[in-house]
Amino acid sequence: MINPHVQLLKTFTYRKLIISNKELTLTLSKTITILNLPFINTTNQQFISNLQKKITTKQNTFIVTANPEIAVYAYDHPQFQKLVQTADYITPDGIGIIKASQIIQQPLKERITGFDTLTSLLEIANNSSLKVYLLGAKPEVLQKTVKNVKKKYPKLQLVGSHDGYFSDDQEIVADIKQLQPNIVAVALGYPKQEEFIAQHRQLCPAIWIGVGGSFDVLSGTVKRAPKIFQKLNLEWLYRFISHPSRLSRFKNLPRFIYLVKHVH
Ligand code: UDP
C-alpha cells in the first residue's frame, strides 16, 4: 500500500523550513463551499504540515473527512450539518467532492482522505513518540489494528484503544481524560464519529479525526484499492466490485450531484 504522504514526511524537516506559518494559515483559510460545507482547498502536503504545527502547539483540532454521502446526510440533517460546520477542517474525501467542486467551477486542489491523513498522523506520532488513542471498529478488527500499528509504528505511544460497539462511553471518556493523547482517531462511521468528537473533544488538546472504515484497512480485514484504481480516481469502483453489498452506499450520489447543481 503506498501512502502519498510518506515522501512528504521523509522530507518534512526540510519542507518545514520553506513553508512559512503565514503561508500555511493563508492556504488553509481558503475554503470552497459545497452543500453548505466549507471544504479546505489545499494539498495533502500542506494540510499535514499544518497538522504538525497544531500538534506541536497543542491546539485542539477537529477534522471531518467528508465524502458525498456525509455531505448529503448533513444536508438532510441540519443539526448534524451544524455540528460538522464546527470542525476546524472539512477535507474532500472522495472523488465525488472534487467533481462537485468542478461542477460549481471552484475546483478543489486534491482529495484528502481519512485513511491517508490517519497514516500520516501515525508517521508523525512515530517520529515524535506521540500518544495515540484508537476508538472504533469491531473488537477483533481493533485488536488486529492495534497489533499492526504497534508493528509498523513502534515508536509511537499507543496509550489506549476501545472497540466501537459500546453502549456507555463513560469508560472511554475517563480513559481519554486521564491519558491525554495527542491524536484521537475515531472510526465509528458517520454520524457517530463526528457526534462523539463534537461531544468530547474538550477532554484533551488533541487532533480529533473521524476516520470511517480506516481500521478495517489498517487491520488487513479490508484491502485498499490498488494504486492504479487510486490514480484513476476509481477507488469507489474497486470497493464496489470487492463488496457489492455496498451498492446502497452509492444511492445518494445522483442526488448529491443534483443538489450540487441546484443548491448553489
Ligand atoms: N463502527 C463502529 N461502531 C458502530 C458502527 C460502526 O465501530 O456503532 C465501525 C465499523 O465497524 C467500521 C466503521 O465504523 O469499522 C465504519 O466503516 P464504514 O466503511 O461504514 O465507514 P465510512 O468510511 O464509509 O464512513
Side-chain angles (χ1 to χ4, degrees), residues 3-5 8 15 18-51 54 61-118 120 190-191 194 209-212 225 227-240 246-264:
N3 177 350
H5 297 172
L8 151 74
R15 287 179 195 282
I18 57 170
I19 301 173
S20 71
N21 284 352
K22 196 175 161 205
E23 198 183 330
L24 277 174
T25 311
L26 280 176
T27 311
L28 287 170
S29 62
K30 285 183 209 139
T31 56
I32 303 289
T33 300
I34 295 168
L35 292 194
N36 305 327
L37 301 181
F39 285 86
I40 53 167
N41 186 16
T42 188
T43 61
N44 281 279
Q45 180 191 315
Q46 283 178 329
F47 183 47
I48 293 300
S49 300
N50 195 270
L51 293 184
K54 296 274 181 195
T61 306
F62 173 15
I63 304 168
V64 174
T65 58
N67 57 19
E69 254 186 291
I70 297 188
V72 171
Y73 185 86
Y75 184 79
D76 288 339
H77 298 82
Q79 234 176 324
F80 181 68
Q81 187 182 68
K82 275 201 195 106
L83 184 154
V84 172
Q85 285 164 343
T86 68
D88 298 284
Y89 301 117
I90 304 174
T91 79
D93 182 351
I95 188 61
I97 302 288
I98 302 295
K99 290 278 177 228
S101 73
Q102 290 161 356
I103 288 171
I104 61 166
Q105 295 185 351
Q106 297 176 68
L108 284 159
K109 287 191 175 120
E110 62 188 25
R111 216 155 66 98
I112 300 179
T113 70
F115 183 78
D116 288 334
T117 307
L118 174 62
S120 292
Y190 77 90
E194 286 75 23
I209 178 169
V211 293
K227 191 84 173 87
I228 183 74
F229 281 80
Q230 291 182 41
K231 258 206 163 131
L232 295 171
N233 287 322
L234 291 174
E235 208 165 350
W236 61 272
L237 179 64
Y238 178 83
R239 276 202 221 127
F240 172 54
R246 287 179 73 103
L247 178 62
S248 63
R249 310 284 298 256
F250 297 105
K251 70 178 191 303
N252 269 331
L253 261 184
R255 186 156 165 258
F256 170 70
I257 298 295
Y258 175 87
L259 289 173
V260 167
K261 285 182 176 167
H262 294 88
V263 166
H264 291 270

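Closest of all the heavy-atom pairs between A66 and I90 is CB-CG2, 3.9 Å. Of all non-hydrogen atoms in A74 and L37, the two that sit nearest each other are CB-CD1, 4.4 Å. The two atoms that bring F256 and A71 nearest to each other are CE1-CB, 3.9 Å, heavy atoms only. When every heavy atom of F62 is checked against every heavy atom of L83, the shortest pair comes out as CE2-O, 4.0 Å. Closest heavy-atom contact between P38 and T33: CA-OG1, 4.0 Å.
Of the possible donor and acceptor atoms, none in the side chain of E194 sits under 3.5 Å from a partner among the backbone N and O of V64. With hydrogens and angles disregarded, no donor-acceptor distance shorter than 3.5 Å links the side chain of E235 to the backbone of I95. Distance alone, capped at 3.5 Å, places no donor-acceptor pair between the T117 side chain and the I48 backbone.
Between the CG atom of D88 and the OG1 atom of T61 there is a distance of 5.0 Å, given to the nearest 0.5 Å. If you take CD on Q230 and CZ on R111, they are separated by 7.0 Å, rounding to the nearest 0.5 Å. Note: T31 OG1 to L108 CG = 9.5 Å, rounded to the nearest 0.5 Å. The distance from atom CD of Q106 to atom CD1 of I34, rounded to the nearest 0.5 Å, is 8.0 Å. Of the inter-residue distances, the one linking Y75 atom OH with N252 atom CG reads 12.5 Å to the nearest 0.5 angstrom. Here the straight-line distance linking atom CG of D93 with atom CD1 of I63 works out to 12.0 Å at 0.5 Å rounding.
F80 is linked by a ring pair (Phe, Tyr, Trp, His ring centres under 6.0 Å) to Y73, counting only residues two or more places apart in sequence or in another chain.
Just one residue in the list T43, N44, N41 forms a side chain to side chain donor-acceptor pair (under 3.5 Å) with E110, and that residue is N44.
You'll find the side chain of W236 stays beyond 4.5 Å of the side chain of L253, heavy atoms only. A heavy-atom distance below 4.5 Å is found between the side chains of V260 and I104. Y238 has its side chain out of reach of L234: every pair of non-hydrogen atoms, C-beta onward, lies at least 4.5 Å apart. Side chains of P68 and I97 form a contact here, defined as non-hydrogen atoms less than 4.5 Å apart. Side-chain contact check for L51 versus Y89: some heavy-atom pair is nearer than 4.5 Å.
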> Stepwise, does the side-chain contact (heavy atoms from CB on, under 4.5 Å) test hold for L35 with Q81?
Replying inline: CA-CA 10 Å; L35 292 194; Q81 187 182 68; 5.7 Å; no

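For K99, the NZ atom counts as loosely surrounded, since its 6.0 Å shell holds 12 or fewer non-hydrogen atoms of other residues, nucleotides or ligands.
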